[in-house]
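First comes the structure, then the notes that go with it.
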Amino acid sequence: MSETPDGRVSKHFIEQAIDADLASGRFDRVATRFPPEPNGYLHIGHAKSICLNFGLAQKYNGTCNLRFDDTNPAKEETEYVDSIMEDVRWLGFQWDNLHYASDYFDQLYLWAEQLIKDGKAYVCDLTGEQTREYRGTLTEPGRNSPFRDRTPEENLELFRAMRDGKFPDGARTLRAKIDMASPNFNLRDPVMYRILRAHHHRTGDKWCIYPMYDWAHGQSDSLENISFSICTLEFENHRPLYDWFCQNLKIHNPRQIEFARLNITYMVMSKRKLLQLVKEKHVKGWDDPRMPTISGLRRRGYTPESMRNFAADVGVAKFNSVIDIVRLENAVRDHLNRVAPRRMAVLDPLKLTITNWPKNADGSDVIEMTHAVNNPEDPDAGSREIPFSGSLLIEQEDFREEAPGKFFRLKKGGAVRLRAGYIVDCHDVVKDAGGKVVEVLCTYDPATKSGEDTSGRKVKGTIHWVSAAHAGEVEVRNYDRLFTIESPETPDGGKTFLDVINPESLQITKAWVEPSLVDAAVGDRVQFERLGYYCVDPDSAPGKPIFNRTVPLRDTWGKIEAKQG
RNA sequence: UGCCCGAUAGUGUAAUUGGCAACACGACAGAUUCUGACUCUGUUAUUCUAGGUUCAAGUCCUAGUCGGGCAGCCA
């Protein structure tokens with residue numbers, strides 16, 4: 001739901017469907033569920049689904065369950081279950097009930113016997129390959145399995161034997177008896193159970209037959225009294241089967257509604273590809289800050305609020321869209337701008353010496369504390385004191401010996417304000433043997449101290465700095481997009497997504513930071529003024545923080561420069 | 001050559017369900033600024049095409065075009 005300018009509330013198509021079903025009496029409440037398969041870590045696409053399902057429950061004063069769709073023991077692990085629960089909570093949601101599809105295995109088995117007795121399911125001896133051949137093609141109908149007309153008695157006996165482990169893996173299946181000529185493949189006698197000897201993360205070795213998705217999902221929804229079963233577009237063709245099972249079992253029939261999954265430029269979202277990135281060590285793990293996983297984005301410094309805002313921002317529809325990654329970046333900037341304390345850090349230092357700075361009797365610099373606002377967007381954030389001296393570090397790129405008029409920073413013969421400090425005038429530089437500027441020499445204007453400026457001077461630029469003697473030295477990990485092209489899932493020229501990994505997606509560097517930052521705690525988020533938002537990484541040790549760049553600040557000057565070549 | 005679904009500024013989402021095509025982001029131009037950030041202002045459309053119904057069509061009908069999905073004992 002969102003507000004239009006004239007105050008009306010606009011609802012997306014799922015909310016409209018819910019309104020209609022509530023009004024018609026088809027359902028009297030909203031019950032949703034988020035049903036991940038625990039075979040990998042959740043990514044931002046799942047976050048959209050989580051926000052949708054839990055969000056709907058909140059808006060309609062209904063309920064939302066978390067249910068693990070754990071019907072394939074070959075792929076599923078407890079590690080993934082734990083990470084999924086952590087991610088859902090971190091996003092800010094609490095499920096009403098926690099379930100596992102595997103909790104329903106007994107009920108599912110009973111229902112299967114019921115369908116067999118009703119003559120609506122049969123045991124099929126076809127091999128996997130034969131099953132495929134019999135299924136037909138896109139343009140030709142399938143053919144009936146030669147085992148399709150077994151009697152309910154025979155089917156029951158064989159099915160129980162399947163359950164009891166009398167047959168090897170893959171030898172037989174239980175199939176629903178629907179219509180081999182249906183234009184919808186899902187209705188061509190879909191497999192309900194396969195024989196599979198694998199240790200299940202919850203049921204152990206109790207079962208050697210496991211239900212297929214279609215046979216487990218809708219029935220699980222039904223058992224939980226779900227009203228709206230929201231899933232992604234690729235399940236649209238499954239809906240007739242979803243309804244067929246509920247109707248033939250004569251059980252509560254939730255309404256399945258499909259929406260388009262989330263795609264974002266410069267990201268891959270398939271679990272298979274993400275698994276590959278992890279397994280082949282192209283990244284450091286599922287929570288590598290370059291991953292689109294919720295845990296990766298969390299480590300990168302994204303906030304739950306920004307991710308929820310992003311999900312709301314991209315909307316819900318049936319159109320298969322690709323969201324520009326800048327919208328995600330914008331969402332986190334927008335939130336962090338409001339909440340992240342400002343700090344100063346210099347990543348690529350250049351020495352700046354103030355030649356007229358006062359000295360103590362012993363020849364050392366006088367140290368003066370200056371007053372800096374913590375967050376101009378948030379008066380409640382207060383202010384802090386930073387040590388200022390005659391020996392500072394500024395950013396290399398903030399100084400040019402000679403520069404065009406549009407360059408507002410420091411140049412020889414020019415002036416600039418040192419943020420929360422003084423205005424300085426540059427009168428000379430010191431170069432090394434190679435002619436590279438290694439130090440800039442300035443004078444400061446005592447009447448221009450930040451907060452008590454009586455000079456009336458105006459300068460065009462303000463730059464950040466740290467006092468050389470007081471700066472803490474820390475590690476900084478500057479992250480960038482993991483891929484070099486917009487659509488890494490489909491690169492040109494026979495390349496794969498692995499060929500378009502951005503070799504510069506992680507740049508480790510040092511930074512010199514204002515003193516308070518040395519004690520930053522894991523998870524702390526700050527804005528390095530004029531650079532970007534940073535978050536303290538779990539790899540940090542006490543007194544040795546490591547800062548991950550969440551996202552850089554928008555850089556208008558960088559754009560202008562790039563354009564001018 | 002089958003079935004299902006979709007198509008509205010560059011990108012995404014709206015349009016009181018047949019009544020002046022709007023909002024966000026981006027891009028561009030400008031203002032402001034002790035962060036070239038933030039903020040503010042302006043610019044950015046033959047609603048895929050062709051017919052039809054209607055006083056009136058983005059919305060309804062017909063045909064077409066383009067895009068996505070479907071032939072796992074995966075989910």
Side-chain angles (χ1 to χ4, degrees), chain A residues 2-6 8-12 16 35-37 39 69 71-72 74-75 124 126-128 131-133 135-142 169-175 182-186 188 190-196 209-210 212-214 216-217 231-240 258 260 265 271-272 313-324 326-327 330-331 333-334 337-338 342 344 372-373 376-377 406-409 417-421 423 448 450-451 453 458-464 527-532 552-561:
Chain A
S2 58
E3 199 95 347
T4 57
D6 54 342
R8 276 183 306 111
V9 171
S10 111
K11 300 185 174 191
H12 58 68
Q16 292 177 15
E37 181 188 13
N39 68 342
D69 231 329
T71 56
N72 185 357
K75 293 183 177 176
C124 181
L126 256 25
T127 64
T131 305
R132 197 187 330 122
E133 286 165 10
R135 190 152 31 224
T137 69
L138 291 178
T139 51
E140 300 159 19
D169 284 9
R172 287 183 159 91
T173 56
L174 182 73
R175 296 225 257 161
S182 171
N184 182 342
F185 276 90
N186 298 114
R188 321 247 263 223
V191 172
M192 294 166 63
Y193 278 99
R194 75 278 214 182
I195 303 174
L196 177 62
I209 57 171
Y210 288 95
M212 300 291 290
Y213 166 84
D214 287 301
H217 196 92
C231 62
T232 45
L233 250 30
E234 68 270 25
F235 292 102
E236 211 153 18
N237 293 331
H238 292 242
R239 192 180 343 125
E258 312 84 13
T265 57
K271 272 197 195 175
R272 203 205 95 239
D313 189 45
V314 301
V316 179
K318 297 192 73 159
F319 178 67
N320 239 310
S321 58
V322 182
I323 306 296
D324 192 330
V326 303
R327 297 178 74 106
N330 186 68
R333 282 195 195 104
D334 183 59
N337 176 48
R338 284 180 278 129
R342 312 288 127 119
M344 290 201 279
V373 170
E377 306 291 321
K406 281 286 186 185
F407 184 83
F408 300 152
R409 283 110 97 143
R417 169 168 290 282
L418 296 172
R419 176 80 158 147
I423 290 176
T448 60
S450 183
D453 189 325
K458 289 282 178 200
V459 289
K460 192 68 184 161
T462 299
I463 64 174
H464 61 276
Q527 182 198 94
F528 287 171
E529 289 217 34
R530 303 208 308 130
L531 296 177
L553 253 34
R554 280 181 57 189
D555 182 13
T556 309
W557 168 245
K559 238 182 265 178
I560 294 169
E561 257 204 325

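Here is how names work: the chains are called A, B, and so on, in the same order as the sequence lines, proteins then strands, and each is numbered from 1.
Taking the side chain of A:Glu529 as heavy atoms from C-beta on, and the options B:A71, B:G26, B:U35, the nearest nucleotide is B:U35. The side chain of A:Trp557 sits closest to B:G36 out of B:A14, B:G36, B:U1. Here B:A14 is the nucleotide among B:G36, B:C38, B:A14 with the atom lying nearest to any side-chain atom of A:His12.
Contact annotation: A:Arg409 does not reach the phosphate of B:G36 (side-chain N/O to OP1 or OP2, under 4.0 Å). Side-chain N/O atoms of A:Gln16 include none lying less than 4.0 angstrom from OP1 or OP2 on B:A14. The phosphate of B:A27 has OP1 or OP2 within less than 4.0 Å of a side-chain N or O from A:Lys559.
Both key distances under 3.5 Å define a Watson-Crick or G-U pair, and stretches of 3 or more such consecutive pairs in RNA chain B run B:2-7 with B:65-70, B:10-13 with B:22-25, B:26-31 with B:39-44, B:48-52 with B:60-64.
With sequence neighbours excluded, the residues that form a salt bridge (Lys or Arg N to Asp or Glu O under 4.0 Å) with A:Arg409 are A:Glu397, A:Asp398. For A:Arg338, the salt bridge (Lys or Arg N to Asp or Glu O under 4.0 Å) test picks out A:Glu305, A:Asp334, with sequence neighbours left out.
With salt bridges taken as basic N to acidic carboxylate O contacts below 4.0 Å, none links A:Glu37 and A:Lys271.
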Identify each atom pair where a protein N or O and an N or O of nucleotides 40-42 of chain B are less than 3.5 Å apart, giving names and distance.
none

Heteroatom pairs (N/O) under 3.5 angstrom, protein to nucleotides 73-75 of chain B:
{"residue": "B:C73", "atom": "OP1", "partner": "A:Arg135", "partner atom": "NH2", "Å": "3.1"}
{"residue": "B:C73", "atom": "OP2", "partner": "A:Arg135", "partner atom": "NH1", "Å": "3.0"}
{"residue": "B:C73", "atom": "N3", "partner": "A:Gly170", "partner atom": "O", "Å": "3.1"}
{"residue": "B:C73", "atom": "N4", "partner": "A:Leu126", "partner atom": "O", "Å": "2.6"}
{"residue": "B:C73", "atom": "N4", "partner": "A:Gly128", "partner atom": "N", "Å": "3.2"}
{"residue": "B:C73", "atom": "N4", "partner": "A:Gly170", "partner atom": "O", "Å": "3.2"}
{"residue": "B:C74", "atom": "OP2", "partner": "A:Arg194", "partner atom": "NE", "Å": "2.9"}
{"residue": "B:C74", "atom": "OP2", "partner": "A:Arg194", "partner atom": "NH2", "Å": "2.9"}
{"residue": "B:C74", "atom": "O3'", "partner": "A:Arg194", "partner atom": "NH2", "Å": "3.2"}
{"residue": "B:C74", "atom": "O2'", "partner": "A:Asn72", "partner atom": "ND2", "Å": "3.0"}
{"residue": "B:C74", "atom": "O2'", "partner": "A:Lys75", "partner atom": "NZ", "Å": "3.4"}
{"residue": "B:A75", "atom": "OP1", "partner": "A:Thr71", "partner atom": "OG1", "Å": "2.7"}
{"residue": "B:A75", "atom": "OP1", "partner": "A:Arg194", "partner atom": "NH1", "Å": "3.2"}
{"residue": "B:A75", "atom": "OP1", "partner": "A:Arg194", "partner atom": "NH2", "Å": "3.1"}
{"residue": "B:A75", "atom": "OP2", "partner": "A:Tyr213", "partner atom": "N", "Å": "2.9"}
{"residue": "B:A75", "atom": "N6", "partner": "A:His238", "partner atom": "NE2", "Å": "3.3"}

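As rounded to whole Å, 11 Å separates atom P of B:G72 from atom CZ of A:Arg188. Per the geometry, CD1 belonging to A:Ile463 stands 16 Å off P belonging to B:A37, to the nearest Å. Look at CD1 on A:Ile560: it is 14 Å from C1' on B:A27, rounded to the nearest Å. If you take NE2 of A:His464 and P of B:U35, they are 13 Å apart, rounded to a whole angstrom. Atom CG in A:Asp334 sits about 13 Å away from atom P in B:A24, given to the nearest Å. In this structure, the NZ atom of A:Lys11 is 14 Å from the P atom of B:U16, given to the nearest Å. A straight line from CG of A:Leu138 to P of B:C70 spans 10 Å, rounded to a whole angstrom.
Looking at heavy-atom distances under 4.0 Å, A:Val373 makes no contact with the nucleic acid at all. Residue A:Ala420 is classed as a base contact, given a heavy-atom separation below 4.0 Å to a base. If you check every strand for non-hydrogen atoms under 4.0 Å, A:Gly558 touches nothing. Counting non-hydrogen atoms under 4.0 angstrom, A:Thr556 reaches the backbone sugars and phosphates but no base. Contact annotation for A:Phe407: base contact, defined as any heavy-atom pair under 4.0 Å involving a base atom. Residue A:Arg554 is in sugar-phosphate contact alone, with no base atom involved, counting any heavy-atom pair closer than 4.0 Å across all strands shown.
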Subject >> Annotated protein contacts, base or backbone, on nucleotides 4-11 of chain B with a non-hydrogen cut-off under 4.0 Å, one of B, S, - each >> reply: SSSS---B
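Put simply, CG on A:Asp214 and NE2 on A:His238 are 5.5 Å apart, with the number rounded to the nearest 0.5 Å. With rounding to the nearest 0.5 Å, the separation of CD1 in A:Ile323 from CG in A:Asp313 is 8.0 Å. In this structure, A:Glu236 CD and A:Asn186 CG are separated by 11.5 Å, a value rounded to the nearest 0.5 Å.
If A:Asn330 and A:Gln527 are placed on RNA chain B by their nearest nucleotide, the residue sitting closer to the 5' end is A:Asn330. Comparing A:Ala317 and A:Lys460, the nucleotide of RNA chain B nearest to each residue sits closer to the 5' end for A:Ala317.
The closest side-chain heavy-atom distance from A:Asp453 to A:Arg417 is below 4.5 Å.
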